[in-house]
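Order of the sequence lines fixes the chain letters, A, B, ..., with proteins taken first and strands second; residue numbering starts at 1 for each chain.
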Protein chains: 2
Amino acid sequence: MRLVIARCSVDYVGRLTAHLPLATRLLMIKADGSVLVHSDGGSYKPLNWMSPPCVLREDEGVWTVTNKAGEQLLITIEEVLSDVSADLGVDPGLVKDGVEAHLQALLAQHCEKLGEGFRLVRREYPTDIGPVDLLCRDADGQAVAIEIKRRGEIDGVEQLARYVERLDRDPLLRPVRGMFVAQEIKPQAKVLAGDRGIVCIEVDYDELRGIDTSADRLF
Amino acid sequence: MRLVIARCSVDYVGRLTAHLPLATRLLMIKADGSVLVHSDGGSYKPLNWMSPPCVLREDEGVWTVTNKAGEQLLITIEEVLSDVSADLGVDPGLVKDGVEAHLQALLAQHCEKLGEGFRLVRREYPTDIGPVDLLCRDADGQAVAIEIKRRGEIDGVEQLARYVERLDRDPLLRPVRGMFVAQEIKPQAKVLAGDRGIVCIEVDYDELRGIDTSADRLF
DNA sequence: TTGTTGATTTCGCAA
DNA sequence: TTGCGAAGTCAACAA
């Protein structure tokens, strides 16, 4: 990795065109040739960048970064204030825990938490407009399509409503009801769900994880 | 801005928990206190980070970054390989040039590209749930409501369906048909559009831009 | 302040 | 490879 602090202006021509006027910025050049232009603030997103794979050509006062699609990042360098390099090696990578996939896995395993007598038919039950997270049968044997989100918003309800509409056309499933499950459901989503005849359930991730852990610890 | 290259391990506890094993990485500390942990590859997204506003506490071999919500980034530093600082000042910021707006302008000017004999009634035709991008009349004089997106997804189809439903209540327009226009339309959006009786058209932005340019150059 | 929408989204998984 | 949904999405903009 190479880190250059320089007074520069930057132009991007590709999926859009964008321009950065002359100012002092950090230019980060990674081992794969990708370039990031960072200012001293804002978020983790650079002001401008070129994603790998791409090629950096360094001319007198002008850097040209080009990718396969022909998109270009033009960096005009007025003055270099600092220029350091280091060999970082390959990163072992991030280990995550606590995202939607976990929630879905936990609920698939403990679907009785969603309603007494619930039995799982399958996860990722396919429809022709995409898979629904869980398909269950309730205590009466009626089909229940379940959409799981970390945070329940209006889109998720619409999405589930479409799934239910599709699944309800299947004579082997009909009648199908919908259940919207999330750690937290926004009021507007609840209203729309009510309109669509969809039940909303808010679940506690830590509690579910606890159940799972305690079940493991029985042995 | 301060740039530290160090052998370190990183733990994040907040909206999720995540761990980075010991490796050499770049730690970027911005003027607003935010911290980014970058590896020498991947995209512009850091391996881990803390967004501002947040506070960095530096102890012997351990950095603790905390934000208002109580989320924490713990950086355990084994060895510092480089440590440079620079004053970058405030960045004047990015100047963008949009694609979707341009696409709408081009199609308003060349709506015959959407169907033979099409005439523009107006851009941003108002309804009580928001303006539809274009309203046209086809060769037979029938009203056509047109929604333009850069990329056509399922939400856009729903949006257009709502517009068509509203406009169709107007006796001066009825019957109104819908047309969904984008550079690229996803298969699922096409399926839903078919269901809703909406026509899908994929247009070539570069070609349209070319027509426009050549038309300009007649003079 | 809160909600909604777009992104040069990026990222990960599965067909 | 492509498609699709999630993201610690982030960030801009409107209400």
Side-chain angles (χ1 to χ4, degrees), chain A residues 10-20 34-37 41-52 54 65 67 69-73 93-94 96-104 123-124 126-133 147-156 158-160 163 182-183 186-189, chain B residues 10-19 34-37 41-52 54 65 67 69-73 93-94 96-101 129-130 149-156 158-159 182-191:
Chain A
V10 180
D11 287 276
Y12 167 75
V13 180
R15 277 165 278 187
L16 55 72
T17 61
H19 174 73
L20 283 170
S34 61
V35 177
L36 282 63
V37 182
S43 65
Y44 67 64
K45 197 174 173 178
L47 293 166
N48 218 323
W49 71 94
M50 184 66 78
S51 304
C54 59
V65 192
N67 72 1
E71 300 172 24
Q72 271 199 339
L73 195 66
L94 189 68
K96 279 189 192 183
D97 176 44
V99 288
E100 186 184 299
H102 293 229
L103 199 57
Q104 196 195 109
R123 286 172 67 176
E124 305 288 352
T127 78
D128 55 356
I129 54 167
V132 63
D133 288 338
E147 183 67 28
I148 299 168
K149 295 283 179 197
R150 208 167 54 78
R151 279 180 317 206
E153 298 182 23
I154 216 156
D155 303 13
E158 297 272 34
Q159 191 184 340
L160 177 55
Y163 290 143
Q183 283 184 271
K186 300 219 168 164
Q188 296 194 346
Chain B
V10 182
D11 287 277
Y12 167 76
V13 180
R15 275 167 279 188
L16 56 70
T17 61
H19 173 72
S34 60
V35 177
L36 283 62
V37 182
S43 68
Y44 67 66
K45 196 175 175 179
L47 292 167
N48 220 325
W49 72 94
M50 184 66 78
S51 304
C54 59
V65 192
N67 73 0
E71 300 171 23
Q72 271 199 337
L73 195 65
L94 189 69
K96 272 192 195 180
D97 183 15
V99 174
E100 189 179 306
I129 53 167
K149 294 282 179 198
R150 209 163 61 78
R151 278 180 318 204
E153 300 184 21
I154 214 156
D155 299 8
E158 295 274 33
Q159 189 184 343
Q183 280 185 276
E184 182 202 343
I185 300 178
K186 300 219 168 165
Q188 296 192 349
K190 286 181 184 172
V191 170

Between atom [atom1] in [X] and atom [atom2] in [N], what is the gap in whole Å?
X         : N      : atom1 : atom2 : answer
Glu153(A) : dT5(C) : CD    : C1'   : 11 Å
Asp155(A) : dT5(C) : CG    : P     : 7 Å
Glu71(A)  : dA7(C) : CD    : P     : 15 Å

* Would you indicate what Met50(A) reaches in the nucleic acid, counting non-hydrogen atoms under 4.0 angstrom: base, sugar-phosphate, or nothing? =>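 Contact class for Met50(A): none.
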
* Any donor-acceptor pair under 3.5 Å linking the side chain of Tyr163(A) with the backbone of Pro131(A)? ->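 Yes: the side chain of Tyr163(A) pairs with the backbone of Pro131(A).
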
Between protein and nucleic acid, restricted to nucleotides 13-15 of chain D and to nitrogen or oxygen atoms under 3.5 Å apart, what atom pairs and distances do you find?
none

* **Residues which pass side chain to side chain contact (heavy atoms under 4.5 Å, CB included) with Asp11(A), listed by chain and number, not counting sequence neighbours** => His19(A), Leu74(A)

* **For Ile154(A), all residues meeting side chain to side chain contact (heavy atoms under 4.5 Å, CB included), sequence neighbours excluded** =>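 By the side chain to side chain contact (heavy atoms under 4.5 Å, CB included) rule, Ile154(A) matches Gln188(A), Leu192(A).
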
* To do: Start with the C-alpha distance between Gln159(A) and Lys149(A), add both sets of side-chain angles, then the distance that settles side-chain contact (heavy atoms from CB on, under 4.5 Å), and finish with yes or no.
  => CA-CA 11 Å; Gln159(A) 191 184 340; Lys149(A) 295 283 179 197; 3.4 Å; yes

* Asked: Going through the distances and angles, do Val10(A) and Leu73(A) end up as a side-chain contact (heavy atoms from CB on, under 4.5 Å)?
  -> CA-CA 7 Å; Val10(A) 180; Leu73(A) 195 66; 3.8 Å; yes

Check: protein-nucleotides 3-6 of chain D nitrogen or oxygen pairs below 3.5 Å:
| from | atom 1 | to | atom 2 | distance (Å) |
| --- | --- | --- | --- | --- |
| dG5(D) | OP1 | Gln188(B) | OE1 | 3.2 |
| dA6(D) | OP1 | Glu100(A) | OE2 | 3.4 |
| dA6(D) | OP1 | Lys149(A) | NZ | 2.7 |
| dA6(D) | OP2 | Lys149(A) | NZ | 2.9 |

* **Pro46(B) to Val37(B) - nearest heavy-atom pair and separation** => CB-O, 3.3 Å

* Side-chain heavy atoms of Gln104(A) within contact of Arg123(A), under 4.5 Å -> yes

* Which residue lies more 5' along DNA chain C, comparing Ile154(A) with Leu73(A) via nearest heavy atoms -> Ile154(A)

Pull out every protein N or O sitting under 3.5 Å from an N or O of nucleotides 10-13 of chain C, one pair per line with the distance.
| from | atom 1 | to | atom 2 | distance (Å) |
| --- | --- | --- | --- | --- |
| dT10(C) | O3' | Ser43(B) | OG | 2.7 |
| dC11(C) | OP1 | Ser43(B) | OG | 2.3 |
| dC11(C) | OP2 | Ser43(B) | OG | 3.1 |

* Please walk me through it: do Met50(B) and Asn67(B) pass side-chain contact (heavy atoms from CB on, under 4.5 Å)? -> CA-CA 8 Å; Met50(B) 184 66 78; Asn67(B) 73 0; 3.8 Å; yes

* **Partner of Val65(A) by side-chain contact (heavy atoms from CB on, under 4.5 Å), out of Ser51(A), Ser34(A), Cys54(A)** => Cys54(A)

* Asked: Considering residues at least two apart in sequence or located in another chain, which fulfil the side-chain hydrogen bond (donor to acceptor under 3.5 Å, both in side chains) criterion with Glu71(A)?
  -> Tyr12(A), Arg15(A)

* **Residues Gln183(A), Arg151(A); criterion side-chain contact (heavy atoms from CB on, under 4.5 Å); working and verdict** => CA-CA 6 Å; Gln183(A) 283 184 271; Arg151(A) 279 180 317 206; 6.0 Å; no

